[in-house]
Amino acid sequence: MIRHAEAEAVALSDKERALTQRGIRQVYLLSEWMQQHHFLPEHIIHSTALRCEQTARLLAERLATATTLQAEEQLYEASMRQIIETLVHVPATIHEVALIGHNPHLSYFAEWLSGEPLGMLAPASAVAFHLPVDEWNMLSGQIATLLGRFEATH
């Protein structure tokens, strides 16, 4: 689970808020952490908000793996249920997924999934989990093991 990096405070609409220069640096730091810990997603699912799309594209470029990107409209202002609905449709052949979205429900979902008191994810923060399931439609609460957490400080 990844919260998008820092975005502009103002744009024509909330969906059109682009990453700031600081946000771009945050994605670089996040990608370094992911590489160091071997968190290399095969597939990145992201909200259709510009800041999430930019975070996903920069991350995929920096990780230099054969990562596929999927824009998902329902992740913009998604409830926990919509996050779950998005993940249960991931094919079972895909084992490592990064989901890039928004607070507060992304943070709520991470806590529900792990049973850990993670708090609100700051911009460009990530939590990595191991899920003991063979198929994504087997997701349920408190089954994930927290493998690592990243908080961008720059």
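With Gln54 contributing its side chain and Leu19 its backbone, the two residues share a donor-acceptor pair below 3.5 Å. Side-chain atoms of Asn103 come within 3.5 Å of backbone N or O of Leu121 as a donor-acceptor pair. Checking side-chain atoms of Gln35 against main-chain N and O of Glu32 turns up no donor-acceptor pair under 3.5 Å.
When all heavy atoms of His102 and Tyr76 are compared, the closest pair comes out as NE2-CD1, 3.7 Å. Residues Ile143 and Met138 approach most closely at CD1-O, 4.2 Å, considering heavy atoms.
Between Ile44 and Arg57 there is no side-chain heavy-atom pair separated by less than 4.5 Å. Counting heavy atoms from C-beta on, the side chains of Val127 and Leu113 never come closer than 4.5 Å. A heavy-atom distance below 4.5 Å is found between the side chains of Thr48 and Lys15.
Tested against Arg51 for a side chain to side chain contact (heavy atoms under 4.5 Å, CB included), the candidates Thr20, Ile100, Asp14 yield a single pass: Asp14.
Note on ring orientation: taking the six-membered ring where Trp is involved, the planes of Phe39 and Trp33 are tilted (angle from 30° to 60°).
Note on Phe150: it does not cluster hydrophobically with Leu118, by side-chain heavy-atom contacts below 4.5 Å among ILVMFWY residues.
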Report the C-alpha separation of Thr86 and Gln74 in whole Å, then their side-chain angles, then the decisive distance to 0.1 Å, and conclude whether the side chain to side chain donor-acceptor pair (under 3.5 Å) test is met. CA-CA 8 Å; Thr86 298; Gln74 77 174 355; 2.8 Å; yes

